[in-house]
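Chain letters run A, B, ... following the sequence lines, proteins first and then strands; every chain starts at 1.
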There are 2 protein chains.
Amino acid sequence: MRIGELASSTGVSVRALRYYEEQGLLASTRSNGGQRHYGDAAADRVHLIQMLYAAGLSSRTILDLLPCVDAKVSTPQSRALLNAERARIDEQITRLVQARDRLDAVIAHSQSSASGCTTADAAAVAA
Amino acid sequence: MRIGELASSTGVSVRALRYYEEQGLLASTRSNGGQRHYGDAAADRVHLIQMLYAAGLSSRTILDLLPCVDAKVSTPQSRALLNAERARIDEQITRLVQARDRLDAVIAHSQSSASGCTTADAAAVAA
DNA sequence: CTGGAACCTGACGCTGACGTTAGAGGCAAG
DNA sequence: CTTGCCTCTAACGTCAGCGTCAGGTTCCAG
């Protein structure tokens, strides 16, 4: 499949895919004319990359991490790397939960002091 | 208290505090000479701002949110805003947990298959 | 009153993950 | 062979949250 198809099937922009390749995160074979071709596994790889980006990892960190994911072998270094990143994600989750709790407190106060709590409000809360 | 003291007591840089003020997130009174002075509540405010930043909110969103936090009154709009941001944080937490699970799977696989650990692999990981 | 630390206002720099032209070439259909 | 869409590289633009430097001012201890 070519880059446009991979882009639309993954929901990632063509530019981003080229950027991933530039960063060494995503490989491609080239046609005679130089156009990128991808196998079926590429979509999964892109999803994984996206997920790690969403977890706040930098492309550099992902670059370090991906060989650990690909490799069937495991080194102390790779395990350490994986665990370190896991810990960082954990920490981020903790901070997010704290922030959410803080917002919840504000919301609770906001609603208790709301004299007229209409149906629209209930809908907003449910959403 | 002056800006340096607030900075060191909150662990936030002086530059960041000025930036917060520039963004309308943090108020200060000024001395005759133009120097910023802060009350005791400022530290809490800074911590809250930091927490919201850590939750991935933009300064613009925080700017919208803070009046809701400050206000003793609650409007449908403010409640909707609070709930929307809560939802976004929730979503982010979900994605982070997914990423963590994904990493956990990799880690589990990595540890079960930890047998042949060559120097080449270590070098590849280090690189 | 004076020296030096702390503060002030610009304003440019930086990083990361792309967006966005621009100009040129590849590729399948008719 | 041509049309037209897709793709290519190269390179500049963007945005947020500050870091940092420059040049000047304020404050307070001694």
Roughly how far, to the nearest 0.5 Å, is SG of B/Cys68 from NE2 of A/His109?
-> 13.0 Å
To the nearest angstrom, how far is A/Arg2 atom CZ from D/dC8 atom P?
-> 8 Å
How would you list all residue pairs meeting ring-ring contact (aromatic ring centres under 6.0 Å, His included) that involve residues 23-42 of chain A, not counting sequence neighbours?
-> none
Hey, could you give me the CG/CG distance between A/Leu52 and A/Leu65, rounded to the nearest 0.5 Å?
-> 6.0 Å
Which residues within residues 14-28 of chain B lie with some heavy atom under 4.0 Å of an atom in DNA chain C?
-> B/Arg15, B/Arg18
Just jot down the side chain to side chain donor-acceptor pair (under 3.5 Å) partners of A/Thr61, sequence neighbours excluded, or say none.
-> A/Ser58
With sequence neighbours left out, which residue pairs that include part of residues 30-39 of chain B fulfil the salt bridge (charged side-chain N to carboxylate O under 4.0 Å, His left out) condition?
-> B/Glu21-B/Arg30, B/Glu21-B/Arg36
Residues from residues 84-95 of chain A sitting under 4.0 Å of DNA chain C, heavy atoms only?
-> none
Send over the distance from B/Ile49 CD1 to D/dG17 P, rounded to a whole Å.
-> 12 Å
Salt bridge (charged side-chain N to carboxylate O under 4.0 Å, His left out) involving A/Glu91 - partner list, sequence neighbours excluded = none
Those residues that, when tested against B/Glu5, pass side chain to side chain contact (heavy atoms under 4.5 Å, CB included) (two or more places apart) | B/Met1
So which pairs with a foot in residues 47-68 of chain B pass salt bridge (charged side-chain N to carboxylate O under 4.0 Å, His left out), sequence neighbours left out?
-> B/Arg60-B/Asp64
Please, which pairs that meet salt bridge (charged side-chain N to carboxylate O under 4.0 Å, His left out) have at least one residue in residues 37-52 of chain B, sequence neighbours excluded?
-> B/Arg45-B/Asp70
Indicate every side-chain donor-acceptor pair of residues 93-106 of chain A with a distance under 3.5 Å to a residue at least two apart or in another chain.
{"from": "A/Thr94", "atom 1": "OG1", "to": "A/Asp90", "atom 2": "O", "distance (Å)": "3.1"}
{"from": "A/Arg100", "atom 1": "NH1", "to": "B/Asp90", "atom 2": "OD1", "distance (Å)": "2.3"}
{"from": "A/Asp104", "atom 1": "OD1", "to": "B/Arg86", "atom 2": "NH1", "distance (Å)": "2.6"}
{"from": "A/Asp104", "atom 1": "OD2", "to": "B/Arg86", "atom 2": "NH1", "distance (Å)": "2.5"}

Contact residues, residues 30-45 of chain B to DNA chain C [heavy atom, < 4.0 Å] | B/Arg30, B/Gly34, B/Gln35, B/Arg36
Single-linkage hydrophobic cluster B/Ile49~B/Met51, side-chain heavy atoms < 4.5 angstrom = no
5'-most to 3'-most nt of DNA chain C touching chain A (<4.0 Å, heavy-atom partner on protein side) reads C/dA17 to C/dC27
At what distance, to the nearest 0.5 angstrom, does CG of A/Leu82 lie from CD1 of B/Ile107?
-> 5.0 Å
CG/B/Leu48 to OH/B/Tyr53 distance, rounded to the nearest 0.5 angstrom?
-> 11.5 Å
